[in-house]
K.L.:
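Dropping a structure here in structure tokens format, bear with me for questions.
Computed from a predicted structure; not experimentally measured. Below, all heavy atoms of this structure are taken into account, side chains as well, without hydrogens, waters or symmetry copies.
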Amino acid sequence: MTDQPVPDRPLPDRPALDRPAPELFTWEFASDPYPAYAWLREHAPVHRTTLPSGVEAWLVTRYADARQALADQRLSKNPAHHDEPAHARGKTGIPGERKAELMTHLLNIDPPDHTRLRRLVSKAFTPRRVAEFAPRVQELADGLIDRFAGTGSADLIHEFAFPLPIYAICDLLGVPREDQDDFRDWAGMMIRHGGGPRGGVARSVKKMRGYLADLIHRKRAALPPEPGPGEDLISGLIRASDHGEHLTENEAAAMAFILLFAGFETTVNLIGNGTYALLTHPRQRALLQDSLAAGEHGLLETGVEELLRYDGPVELATWRFATRPLTVGGQDIAAGDPVLVVLAAADRDPERFPGPDTLDLARRDNQHLGYGHGIHYCLGAPLARLEGQTALATLLTRLPDLGLAADPAELRWRGGLIMRGLRTLPVSFTPIPSGAVNGP
């Protein structure tokens, strides 16, 4: 074991009153953005900055302002409202989605189209369907751990946190098992290029879009008159209608794409960030392990919500664009300006969360913004919660002495704009002999 001793008592909340304005979007910032966000909340809660891409945008960092902005219909999700200068063209949104005709999804549209599409998709993405999927998620978690349990070490990002949600969302969508490794490769390209060259991401998006269009065409041709038990999501999207209005093939492909795109990386980061937080807060981790050993799940449920608040998978909410002049947090914003709500900053706001820099798995009053707020609240949140709870419970139960196999200072975080996640998470544990009975 090389578990590094990390104090369970965090640093006190840091108002940073006398520090100069922090430098944003450096590698040092990516490792720990929270002191910079504390400075912004205190001194410039709605802050105009130039992003690494060259796009200028407003960052909203206080909780109350963030909730207002997330629900404000004057802030459009449609990139057509961006008053973008020539140097910024094509540098907002998901790389490659415009050329691949994947723009008509829930992250890019406003009411009434958003209302119609969300209602259609909701019919194929119900909480009951997610609950029925729980045994498959457990099977995936156990199967992935089985692959490395006998070795005594693993990279939990690449061997566990990354493949679990990819295979889960592929199963839910109805991607045949023999094609799922292709999706894993395309998704891996998206993560590896986060914050770097956009060409690799765009190529993966194009390949994924072509595959989904073909799969939708084949499923539509073979769709039975009535849905069978456990019908996959793509078939449900094809079948879904609202007063007789079906999704177009482009809309169905865009919706399948965004469910896959948004449904895997957020969960990769929830599992990775969450495991890292538990390994660096041993007393909180011990409380959770004791609770799981007693057959209780209340602390697991509140704990996952706290992990989403404390160091969540989505650092900044996706792009919004002012449709007309407005004021947020006392700051005037011009029509056409991009606005990015910093969820990670809002969820550490001491005005809303007592002791915000303290990890408290039993925290009850925890209306965090990790999955957004308002009409764009994450549709896949129930599935992500299921996967996060299952993954963490299975890891802590089957590998009870799991520990970090690297100095926390040596770990590297991906440098993308929207998501927050570790590149790798090396761990060590007592090997489990092949054939041993483990797990739930």
Side-chain angles (χ1 to χ4, degrees), residues 4 6-16 29-41 61-64 66-67 70 156-157 161 265-289 291-292 298-317 341-373 378 381 384-385 387-389 391-393 395-396 402 404 408-409 411 413-414 418-422 425:
Q4 303 294 318
V6 180
D8 218 347
R9 184 183 298 277
L11 293 172
D13 297 342
R14 296 159 288 191
F29 170 84
S31 297
D32 183 11
Y34 296 104
Y37 289 149
W39 191 98
L40 289 176
R41 279 195 312 266
T61 56
R62 287 179 179 167
Y63 182 90
R67 273 181 67 96
L70 291 171
L156 278 188
I157 300 299
E265 193 172 0
T266 52
T267 309
V268 174
N269 295 344
L270 169 57
I271 297 169
N273 298 4
T275 302
Y276 175 69
L278 291 173
L279 295 181
T280 53
H281 292 78
R283 275 180 278 181
Q284 291 292 306
R285 174 253 193 94
L287 289 173
L288 180 55
Q289 284 183 299
S291 173
L292 292 170
L299 191 61
L300 177 65
E301 293 173 3
T302 60
V304 166
E305 298 309 304
E306 174 69 347
L307 293 169
L308 285 163
R309 182 202 69 81
Y310 179 78
D311 198 9
V314 184
E315 190 166 343
L316 284 77
V341 177
V342 188
L343 305 179
D347 281 343
R348 295 261 191 129
D349 188 342
E351 294 295 316
R352 177 59 185 83
F353 300 100
D357 293 331
T358 298
L359 181 68
D360 177 9
L361 299 183
R363 190 185 294 267
R364 292 289 179 181
D365 181 15
N366 196 357
Q367 296 297 312
H368 63 77
L369 301 176
Y371 285 125
H373 172 66
C378 178
R385 286 185 167 101
E387 291 174 343
Q389 291 176 16
L392 293 173
L395 278 174
L396 294 178
L402 187 72
L404 277 176
L411 297 178
W413 298 77
R414 291 194 300 275
I418 301 297
M419 300 292 183
R420 173 166 171 79
L422 286 160
L425 183 56

K.L.:
So, for Ile271 and Gly388, which heavy atoms are closest and what is the spacing to 0.1 Å?
P.N.:
CG1-CA, 4.4 Å
K.L.:
On a heavy-atom basis, which atom in Tyr34 and which in Gly312 lie closest, and how many Å separate them?
P.N.:
OH-N, 4.3 Å
K.L.:
For His373, which residues count as a side chain to side chain donor-acceptor pair (under 3.5 Å) partner, sequence neighbours excluded?
P.N.:
none
K.L.:
Could you tell me which non-hydrogen atom of Leu278 sits nearest to which non-hydrogen atom of Arg285, and how far apart they are?
P.N.:
O-CB, 3.3 Å
K.L.:
Might you point out which heavy atoms bring Ala161 and Gly272 nearest each other, and give the distance in Å?
P.N.:
CB-N, 4.2 Å
K.L.:
Using the test side chain to side chain donor-acceptor pair (under 3.5 Å), find all partners of Tyr63 that sit at least two apart in sequence or belong to another chain.
P.N.:
none
K.L.:
Hey, are the side chains of Leu425 and Leu404 touching, using non-hydrogen atoms and a 4.5 Å cut-off?
P.N.:
yes
K.L.:
To the nearest 0.5 Å, how far apart are CG in Leu359 and CD in Gln284?
P.N.:
5.0 Å
K.L.:
With sequence neighbours excluded, what pairs up with Ala317 under the side chain to side chain contact (heavy atoms under 4.5 Å, CB included) test?
P.N.:
Leu70, Arg320, Val341, Leu343
K.L.:
Taking only residues two or more places apart in sequence, or in another chain, which ones meet Leu299 in a side chain to side chain contact (heavy atoms under 4.5 Å, CB included)?
P.N.:
Leu287, Leu288, Ser291, Thr302, Leu361, Ala362
K.L.:
Only counting residues at least two apart or in another chain, list the ones meeting side chain to side chain contact (heavy atoms under 4.5 Å, CB included) with Ala345.
P.N.:
Tyr37, Arg41, Thr61, Val342
K.L.:
Using the side chain to side chain contact (heavy atoms under 4.5 Å, CB included) rule, take Leu308 and Asn273 through it: C-alpha gap first, then chi angles, then the decisive distance, then the call.
P.N.:
CA-CA 9 Å; Leu308 285 163; Asn273 298 4; over 6 Å; no
K.L.:
Do the side chain of Arg414 and the main chain of Leu422 share a donor and acceptor less than 3.5 angstrom apart?
P.N.:
yes
K.L.:
Side-chain contact, heavy-atom cut-off 4.5 Å: Asp32 with Trp413?
P.N.:
no
K.L.:
For the residue pair Leu392 and Val304, establish whether any side-chain heavy-atom pair is separated by less than 4.5 Å.
P.N.:
yes
K.L.:
Under a 4.5 Å cut-off applied to non-hydrogen side-chain atoms, are Glu305 and His368 in contact?
P.N.:
yes
K.L.:
Does the side chain of Tyr310 reach to within under 4.5 Å of the side chain of Pro356, using non-hydrogen atoms?
P.N.:
no
K.L.:
Only counting residues at least two apart or in another chain, list the ones meeting salt bridge (Lys or Arg N to Asp or Glu O under 4.0 Å) with Glu315.
P.N.:
none
K.L.:
Is there a side-chain contact between His281 and Thr358 in this structure, where contact means two heavy atoms from C-beta onward sitting under 4.5 Å apart?
P.N.:
no
K.L.:
How close do Leu369 and Asp347 get, heavy atom to heavy atom, and via which atoms?
P.N.:
N-OD1, 2.9 Å
K.L.:
For Leu402 and Thr275, what are the C-alpha separation, side-chain angles and deciding distance, and is it a side chain to side chain contact (heavy atoms under 4.5 Å, CB included)?
P.N.:
CA-CA 10 Å; Leu402 187 72; Thr275 302; 4.2 Å; yes
K.L.:
List the residues meeting side chain to side chain donor-acceptor pair (under 3.5 Å) with Gln389, not counting sequence neighbours, and say none if there are none.
P.N.:
none
K.L.:
Residues in side chain to side chain donor-acceptor pair (under 3.5 Å) with Asn366, at least two apart?
P.N.:
Glu306
K.L.:
Just by distance, do the side chain of Thr280 and the backbone of Ala277 share a donor-acceptor pair under 3.5 Å?
P.N.:
yes
K.L.:
Going by salt bridge (Lys or Arg N to Asp or Glu O under 4.0 Å), name the residues that satisfy it together with Arg420, two or more places apart in sequence or in a different chain.
P.N.:
Asp311
K.L.:
Tell me, please, whether Phe353 has Arg309 positioned over its six-membered ring: NZ or CZ under 6.0 Å from the ring centre and within 45 degrees of its axis?
P.N.:
yes
